[in-house]
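One structure below.
All chains are named by letter (A, B, ...) in the order of the sequence lines, taking the proteins before the strands, and each is independently numbered beginning at 1. No hydrogens, no waters, no symmetry mates; every other heavy atom, side chains included, goes into these values.
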Amino acid sequence: MNYWLVKTEPETYGWDDLNKLGQDMWDGVRNYQARNHLNEMKQGDLVLFYHSGKAREVVGIAEVVRESYPDPTTDDNRWVVVDIIPKEALKKSVPLKLIKETDMLQNMKLIKQSRLSVMPVEKEEFDKILELSTH
DNA sequence: GCCAACGTTGGC
DNA sequence: GCCAACGTTGGC
């Protein structure tokens with residue numbers, strides 16, 4: 001199983017929106033690197049759900065329930081989506097600031113490549129963020 | 001509101 | 001094929 005992180009502007013589409021819908025497709029990705037990561041996602045993979053902009057924190061965990069297929073919101077066949085469901089809200093969201101202050105998380109693409117919207121996360125990093133969310 | 005990072009576009 | 005110009009993202 002693999003681990004991922006996706007970013008979204010909560011004012012446009014946030015964790016609450018996904019929860020209201022129960023399941024949704026992750027559409028709108030228009031960047032090759034992010035697209036390639038979507039293509040690598042497997043059913044059952046877990047996805048950290050990050051709010052960018054004003055919030056800047058990881059708020060929940062989603063699960064991939066359908067692997068990549070052509071993005072129905074465009075005729076351009078270069079782009080794909082996956083379907084995800086909300087799995088678990090973090091007890092306490094984990095702010096970017098805390099991630100930056102945590103030694104083990106220094107190599108996260110979230111820090112190193114701040115514009116990337118879909119990125120892989122190491123299991124150790126995933127577990128560490130869950131740990132940070134409990135206290 | 002500013003700016004760094006980085007992707008895309010278009011002229012040559 | 002290179003690179004300058006420009007647009008967008010996202011942190012500060």
Side-chain angles (χ1 to χ4, degrees):
Chain A
M1 139 138 56
N2 289 306
Y3 300 90
W4 308 92
L5 182 148
V6 296
K7 285 202 284 205
T8 179
E9 294 251 7
E11 292 79 10
T12 310
Y13 183 99
W15 179 245
D16 291 342
D17 297 297
L18 177 60
N19 276 274
K20 257 174 239 157
L21 292 167
Q23 173 173 338
D24 202 8
M25 60 181 178
W26 200 252
D27 65 346
V29 170
R30 296 291 182 270
N31 167 284
Y32 290 111
Q33 209 179 340
R35 190 274 316 267
N36 293 344
H37 293 320
L38 287 181
N39 274 328
E40 289 164 20
M41 288 187 184
K42 298 294 178 204
Q43 196 171 331
D45 283 358
L46 297 179
V47 182
L48 295 171
F49 199 98
Y50 176 82
H51 282 167
S52 64
K54 247 173 117 181
R56 268 170 275 138
E57 55 191 15
V58 179
V59 293
I61 304 166
E63 180 180 341
V64 177
V65 293
R66 183 177 172 192
E67 295 173 13
S68 66
Y69 57 98
D71 187 338
T73 65
T74 175
D75 290 335
D76 191 331
N77 62 12
R78 289 175 298 171
W79 309 117
V80 300
V81 301
V82 296
D83 286 354
I84 60 174
I85 57 171
K87 187 172 171 63
E88 194 185 337
L90 296 187
K91 210 170 289 174
K92 251 183 79 187
S93 56
V94 178
L96 179 63
K97 184 170 186 297
L98 183 55
I99 291 172
K100 285 189 165 174
E101 287 168 356
T102 304
D103 287 343
M104 273 196 59
L105 302 177
Q106 292 309 301
N107 289 326
M108 287 190 75
K109 290 203 172 57
L110 184 65
I111 300 177
K112 303 215 299 188
Q113 210 179 331
S114 69
R115 291 186 53 197
L116 187 60
S117 63
V118 180
M119 66 191 77
V121 172
E122 297 297 325
K123 183 180 194 315
E124 293 72 26
E125 295 168 342
F126 184 89
D127 289 344
K128 185 66 185 178
I129 286 175
L130 292 203
E131 188 194 320
L132 292 174
S133 75
T134 60
H135 49 79

Exercise. If you measure from the Lys or Arg side-chain nitrogens to the Asp or Glu carboxylate oxygens, is any gap between A:Lys128 and A:Glu131 under 4.0 Å?
Worked result: yes
Exercise. So, the side chain of A:His37 versus the backbone of A:Val6: is there a donor-acceptor pair under 3.5 Å, distance only?
Worked result: no
Exercise. Would A:Ile61 end up clustered with A:Leu21 when hydrophobic side chains under 4.5 Å apart are linked, directly or stepwise?
Worked result: no
For this session: Say whether A:Tyr69 and A:Asp83, considering side chains only, have a donor N or O and an acceptor N or O under 3.5 Å apart.
Result: yes
Seminar exercise, completed: Contact span of DNA chain B against chain A, any nucleotide atom under 4.0 Å from a heavy atom, 5' to 3', runs B:dA5 to B:dT8
For this session: Mark yes or no for whether A:Gln23, through its side chain, and A:Ile85, through its backbone, hold a donor-acceptor pair below 3.5 Å.
Result: no
